[in-house]
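Working notes, structure below.
The structure presented is a predicted model; accordingly, all values stated were derived computationally and were not measured. Heads up: numbering here begins at 1 and tracks the sequence. Computation of the quantities below employed the complete heavy-atom set of this structure, encompassing side-chain atoms and omitting hydrogens, waters and symmetry-equivalent molecules.
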Amino acid sequence: MSTLKETLRKKIDEHRPRTTRLVKEHGDVKLGDVTIAQAIGGARGVKCLVTDISYLDPMEGIRFRGKTIPETFEALPKVPGSDYPYVEAFWYMLLTGDVPTKEQTLEVVEDWKQRSEVPQYVIDVLRAMPRDAHPMSMFSAAIVAMQRESVFSKNYAAGKFNKMTCWEDMYEDASTLMARLGPIGAYIYRMKYKGDTHIPADPNLDMGGNFAHMIGQSEDYKDVARMYFILHSDHESGNVSAHTTHLVASALSDAYYAYSAGINGLAGPLHGLANEEVLRWTQNFMNQLGGEVPTKEGLEKALWDTLNSGQVIPGYGHAVLRKTDPRYTSQREFCLKTPGLKDYPLFKLVSMIFEVAPGVLQEHGKAKNPWPNVDAQSGVIQWYYGVTQYEFYTVLFGIGRALGCLANITWDRALGYGIERPKSVTTSMLEDAAGIK
Ligand code: NMX
Ligand code: MLT
């Protein structure tokens with residue numbers, strides 16, 4: 001049986017000529033033009049990133065290596081006794097495009113176990129931070145602290161940089177990060193919210209199961225963790241966390257620098273932090289009603305109040321999607337099939353928002369997409385299982401998002417993608433181009 005790294009090497013060798021040929025023989029082919037609105041408005045729709053790891057169709061939603069979410073869950077080897085796959089199997093699939101066998105999956109499980117111990121100096125860094133620091137700033141600091149261990153940077157400094165093989169060092173760093181992010185997240189969670197008491201890893205568990213175990217969660221939550229990490233993994237390359245990671249890595253910064261930067265982008269309320277905002281919004285609203293589920297009229301008024309005060313409705317809208325996010329649907333289906341969750345008041349409220357908010361946003365007339373995104377549904381599941389510290393939710397997102405970002409930067413190195421450096425223009429130049437001067 002070939003190892004994941006050997007399979008990846010074969011895939012990379014097969015893929016390289018395609019990229020080389022495109023650049024050498026067809027490099028001048030245009031993919032589109034850039035308008036003034038795009039230059040000012042966040043490059044929306046500008047096609048200038050390449051990835052084969054996932055693709056986001058505006059109407060269909062995400063496909064991972066060509067597979068929809070249900071197809072992904074169906075195809076991958078399942079953890080014994082669970083309906084959900086190994087996160088490790090999904091990593092294999094993101095990297096290679098192949099569905100691994102059980103044996104190949106267990107090889108990754110074992111590899112991550114060997115790499116998973118969180119070094120004492122990382123714990124020291126976390127403990128030195130003010131205890132009220134946001135968990136995302138702790139998470140980011142822990143990641144960048146580990147930069148001293150980067151195989152890529154050590155080899156680069158030793159003069160061993162080789163364009164053809166440097167992806168292997170990126171792969172090593174990415175694998176170590178993947179193995180440690182769950183335990184680091186769990187440490188932050190227990191330090192901040194569980195009286196600074198900690199639970200050692202269980203060597204018999206997979207990555208998702210171990211995360212549930214290390215934060216002190218129930219057996220049922222193990223599937224929540226597996227589902228959550230896979231659903232949040234990747235959303236093609238242009239989203240802030242993936243793009244930031246790619247951008248930073250393009251300077252030949254290592255995986256630790258790059259993913260720490262990606263995490264800082266994920267921490268913005270228009271991006272990953274929206275899952276925290278959704279829960280804050282719904283909890284505040286329910287508290288005002290003494291814990292009762294509101295009427296549709298009451299909810300409609302609250303949504304308008306939010307819009308009229310100049311705030312966005314968190315969890316709704318999207319830069320690319322133009323329909324309900326299938327990641328939302330997948331989590332909603334999980335709620336509907338889970339006894340207890342289906343009738344849970346917070347889930348009822350989230351479902352009512354799903355009925356009411358799109359109409360309100362359409363009438364408001366600004367958002368191009370009035371439908372819910374992944375963040376509108378994720379917090380209610382966490383809350384139901386007792387992870388009520390919504391400040392922590394974006395760390396969960398960040399553990400999952402690493403799968404996509406780190407697989408992508410491994411391929412960036414393999415295909416020799418260039419240092420990112422778009423050209424800027426001045427406002428006068430735009431006015432000249434528009435003929436208004
Ligand atoms: N509530 C109110 N207004 C909105 C919303 C919303 N949920 N979504 C978009 N708009 C507004 C937006 O602020 C903009 O207003 P203005 O012209 O005054 O600047 C206008 O509608 C047009 O924006 P769009 O082109 O539809 O959206 P854009 O691509 O610029 O931004 C988001 C996409 C996701 C940032 C935006 O929809 C949003 O702020 N949503 C709420 C926050 C959220 O849920 N973020 C999570 C995204 C998923 N993730 O995990 O990263
Ligand atoms: C994501 O998962 O990154 C978000 O849905 C944002 C995006 O794709 O732009």
Side-chain angles (χ1 to χ4, degrees), residues 1-12 53 64-65 72-73 75-120 122 142-143 146 149-152 167-187 198-215 217 219 221-230 233-234 255-256 259 399-407 409-411 414:
M1 182 186 81
S2 28
T3 64
L4 168 55
K5 200 166 170 182
E6 284 159 2
T7 307
L8 186 54
R9 185 176 296 116
K10 193 168 156 277
K11 298 276 170 185
I12 288 168
I53 290 176
F64 305 117
R65 287 289 186 180
T72 300
F73 284 144
L76 294 169
K78 311 285 176 295
V79 179
S82 158
D83 292 340
Y84 282 87
Y86 285 91
V87 174
E88 292 89 338
F90 182 68
W91 169 245
Y92 191 111
M93 187 180 99
L94 284 190
L95 276 172
T96 63
D98 292 346
V99 172
T101 61
K102 184 73 181 273
E103 214 184 347
Q104 287 167 324
T105 303
L106 292 180
E107 187 220 58
V108 183
V109 172
E110 194 45 45
D111 180 44
W112 284 11
K113 257 175 216 159
Q114 302 303 322
R115 299 172 187 261
S116 65
E117 197 179 337
V118 180
Q120 184 58 42
V122 175
I143 294 168
M146 293 189 287
E149 294 187 50
S150 168
V151 176
F152 179 88
W167 69 266
E168 298 194 24
D169 294 346
M170 185 63 107
Y171 169 86
E172 293 301 328
D173 289 345
S175 302
T176 302
L177 258 172
M178 270 325 310
R180 288 183 187 169
L181 291 179
I184 289 172
Y187 191 91
H198 299 275
I199 303 170
D202 178 343
N204 298 313
L205 287 171
D206 59 298
M207 181 268 196
N210 227 334
F211 176 78
H213 164 76
M214 290 180 85
I215 64 169
Q217 263 292 340
E219 192 58 34
Y221 186 89
K222 290 186 172 124
D223 270 352
V224 174
R226 293 170 189 130
M227 170 185 74
Y228 201 94
F229 295 151
I230 292 174
S233 60
D234 207 29
Y256 298 92
Y259 196 55
I399 297 171
R401 182 47 56 101
L403 291 156
C405 290
L406 296 173
I409 58 175
T410 304
W411 271 93

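Counted within 6.0 Å of CD on E110, heavy atoms from surrounding residues, nucleotides or ligands total more than 12; the atom is thus considered enclosed. Heavy atoms of other residues, nucleotides or ligands lying less than 6.0 angstrom from NZ of K10 number 12 at most. At most 12 non-hydrogen atoms from other residues, nucleotides or ligands lie less than 6.0 angstrom from CD of E103.
Atom CG of D206 is separated from atom OG1 of T105 by 11.0 Å, given to the nearest 0.5 angstrom. Residue Q104 holds its CD atom at 6.0 Å from OG1 of T7, rounded to the nearest 0.5 Å. In this structure, OH in Y256 is found 4.5 Å from OG1 in T176, a value given to the nearest 0.5 Å. To the nearest 0.5 Å, atom CZ of residue R65 and atom OG1 of residue T96 are 6.5 Å apart. A distance of 9.0 Å separates CG of L181 from CG of L403, quoted to the nearest 0.5 Å. Taking OG of S175 as the start and CG of L95 as the end, the distance is 7.5 Å to the nearest 0.5 Å.
Looking only at side-chain heavy atoms (C-beta outward), L8 and W167 come within less than 4.5 Å of each other. F90 has its side chain out of reach of R226: every pair of non-hydrogen atoms, C-beta onward, lies at least 4.5 Å apart. No side-chain heavy atom of M207 sits under 4.5 Å from any side-chain heavy atom of W91. Within the 4.5 Å cutoff, the side chain of Y86 has no heavy atoms near those of the L76 side chain. Put simply, the side chain of V122 does not reach to within 4.5 Å of the side chain of Y187, judged on heavy atoms. Side-chain contact check for I399 versus Y228: every heavy-atom pair is 4.5 Å or farther apart. Side-chain contact check for I409 versus Y259: every heavy-atom pair is 4.5 Å or farther apart. Counting only heavy atoms from C-beta outward, the side chains of Q217 and V224 never approach each other to under 4.5 Å.
Summarising the geometry of P200 relative to H213, their closest heavy-atom pair is O-NE2, 2.9 Å, with the distance given to 0.1 Å. Contact between P77 and A89 at its shortest, heavy atoms only, is CD-CB, 3.9 Å. Nearest approach of G185 to F211, heavy atoms of both residues: C-CE1, 4.2 Å. Across every non-hydrogen atom of R115 and R180, the tightest pair is O-NE, 3.2 Å. Counting all heavy atoms, side chain and backbone alike, A179 lies closest to S116 at O-CB, 3.5 Å. Closest of all the heavy-atom pairs between M146 and I184 is CE-CD1, 3.4 Å.
The side chain to side chain contact (heavy atoms under 4.5 Å, CB included) test with E88 is passed by exactly one of V109, D111, V79: V109.
Scanning for ring-ring contact (aromatic ring centres under 6.0 Å, His included) contacts around F152 gives an empty result, with sequence neighbours left out. W411 meets the ring-ring contact (aromatic ring centres under 6.0 Å, His included) test with H15; sequence neighbours excluded. Annotation: ring-ring contact (aromatic ring centres under 6.0 Å, His included) contacts of Y92 (sequence neighbours excluded): none.
Remark: side-chain polar atoms of D98 are not paired, donor with acceptor, to backbone N or O of P100 under 3.5 angstrom. Side-chain atoms of D202 do not come within 3.5 Å of backbone N or O of N210 as any donor-acceptor pair.
Ion pairing of E107 with K5 is absent here, as no side-chain N (NZ or NE/NH1/NH2) approaches a carboxylate O to less than 4.0 Å.
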